[in-house]
Amino acid sequence: MLRVHFTAEDLTRIRLDAAVDPGWEMVFSRLRLCERHPAPAFTSWGRQVRPGPGVRSGLRLLTVLSPLGPYFPDFLTPPEGVLGLPAALEAIRATPRARLNRELQKLSRTAYVPGWARALASGDAALLGEVGATLRAYHRVTIEPYTDMIQAAVEADRAHRARVVLDRGIEGLLQSLRPLAHWRAPVLEVQYAVDRDLHLRGRGLRLVPSFFCQRSPVALADPDLPPTLVYPVNHDYTWKRPLTDSCVTDRKLARLLGATRADVLIAARHGATTTELAARLGTSLASVSRHTAILREAGLITTHREGSSVLHTTTPLGTALASQDADRSGR
């Protein structure tokens, strides 16, 4: 069990990232690629990843430095990742020698560390540069081609959590992490592989949505680093069929929706409850419910229930169709 202890000041310093963190996504995607029976949300992605030299080298590196088990080094997932891949790789290359030595020694207590990895502890710039180049090549094949799908899932998740903050405040945001975590003020309890306590001490908490994380949120191992909790987005938000140009540009499909259903789809682009859709469109709740059910079955929207409210958000395909229709109509 991981117990995250908040003070009143910490509750005012929670922030939710707007995108995935490349360091964490590389670590988690390696786990998903190595699973024998991946979850349905990752099956299509795993089949599409080309197993070339960049992927194989990245898998070897990540398998050694982020093995299954109770620990992997924090230097692989620097906070600079919030600024994107180049910033993350530069931070990895600039990791101080003392920290590399400390974290690799800790890794060696729970996993096999080959000679080349132990040599990283020397802080050799050329070797760290090779690590960065290997990670960049891996990211280019396994994550970059799927950026739109990943970001759409993150934006849908953020729309849901933003709605929760508006309706129920910051503590509601922490409660929205269930069943992955449980808020029992002033402690957030997370099912975890090891038993530990993380005291925020007024530093706040960075919440990082992750596309490839699965089952449980994950925190940095070093309690003195900026407090971070990476959590899996809800893959009910992910449209699992391949998104092709023909799907996006086929205007006949948009015309088949009908005027009212198209209006519902456009109104749901940024997230809206059933009640809000009915108010915006001047129609009944029953009518909106019928249209959203059909749009959901067609893979154009997803629906998430939070208490008595039901939030509808467009999928990547739904967003593409809604944006195209809105552009043509000037809405």
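None of the values given here were measured: they were computed from a predicted structure.
Side-chain contact check for Phe28 versus Val20: every heavy-atom pair is 4.5 Å or farther apart. Counting only heavy atoms from C-beta outward, the side chains of His182 and Leu188 never approach each other to under 4.5 Å. The closest side-chain heavy-atom distance from Val218 to Tyr192 is below 4.5 Å. The shortest side-chain heavy-atom distance between Pro209 and Asp17 falls under the 4.5 Å cut-off. Here the side chains of Asp157 and Tyr231 are in contact, with some heavy-atom distance below 4.5 Å. Residues Phe6 and Trp183 form a side-chain contact, since some pair of their non-hydrogen atoms from C-beta on lies under 4.5 Å apart. Side-chain contact between Phe212 and Thr142: absent, with no pair of heavy atoms (C-beta onward) separated by less than 4.5 Å.
Nearest approach of Leu65 to Ala117, heavy atoms of both residues: CD2-CB, 4.3 Å. Residue Ile92 comes nearest to Leu76 through the heavy atom pair CD1-O, 3.8 Å, listed as atom of the first residue, atom of the second, then distance. Nearest heavy-atom pair, Ser29 versus Trp45, reported as atom, atom and distance to 0.1 Å: O-CH2, 3.6 Å. Closest heavy-atom contact between Arg280 and Ala272: NH1-CB, 3.7 Å. Summarising the geometry of Gly46 relative to Leu33, their closest heavy-atom pair is CA-CD2, 4.2 Å, with the distance given to 0.1 Å.
Thr7 and Asp10 form a side-chain donor-acceptor contact under 3.5 Å, judged by distance and modelled atom types alone. Side chain to side chain, Ser44 and Arg47 fail the donor-acceptor criterion of an N or O pair below 3.5 Å.
Val82 and Leu135 fall into different hydrophobic clusters, where Ile, Leu, Val, Met, Phe, Trp and Tyr are joined by side-chain heavy atoms under 4.5 Å apart, directly or via other members. Hydrophobic clustering, with ILVMFWY side chains joined whenever heavy atoms are under 4.5 angstrom apart, keeps Leu166 apart from Leu207. Linking ILVMFWY side-chain heavy atoms closer than 4.5 Å, directly or via other members, places Leu180 and Val165 in two distinct hydrophobic clusters. If you chain together hydrophobic residues whose side chains sit under 4.5 Å apart, Leu220 and Val194 fall into the same group.
The number of heavy-atom neighbours closer than 6.0 Å to CD of Glu35, taken from other residues, nucleotides and ligands shown, is above 12.
Between Arg3 and Asp195, at least one side-chain nitrogen of the basic residue sits less than 4.0 Å from a carboxylate oxygen of the acidic one, meeting the salt-bridge criterion. Contact check on Arg163 versus Glu276 returns a salt bridge, with a Lys/Arg side-chain nitrogen under 4.0 Å from an Asp/Glu carboxylate oxygen. The pair Lys106-Glu103 fails the salt-bridge criterion, with no side-chain N (NZ, NE, NH1 or NH2) lying under 4.0 Å from an Asp/Glu carboxylate O.
Side chain of Asp74 to backbone of Asp222: a donor-acceptor contact under 3.5 angstrom is found. No donor-acceptor pair under 3.5 Å is formed between the side chain of Arg93 and the backbone N or O of Ala125. At distances below 3.5 Å, at least one donor-acceptor pair connects side-chain atoms of Arg203 with backbone N or O atoms of His199.
Taken to the nearest 0.5 Å, the CZ atom of Arg206 stands 14.5 Å off from the CD1 atom of Ile14.
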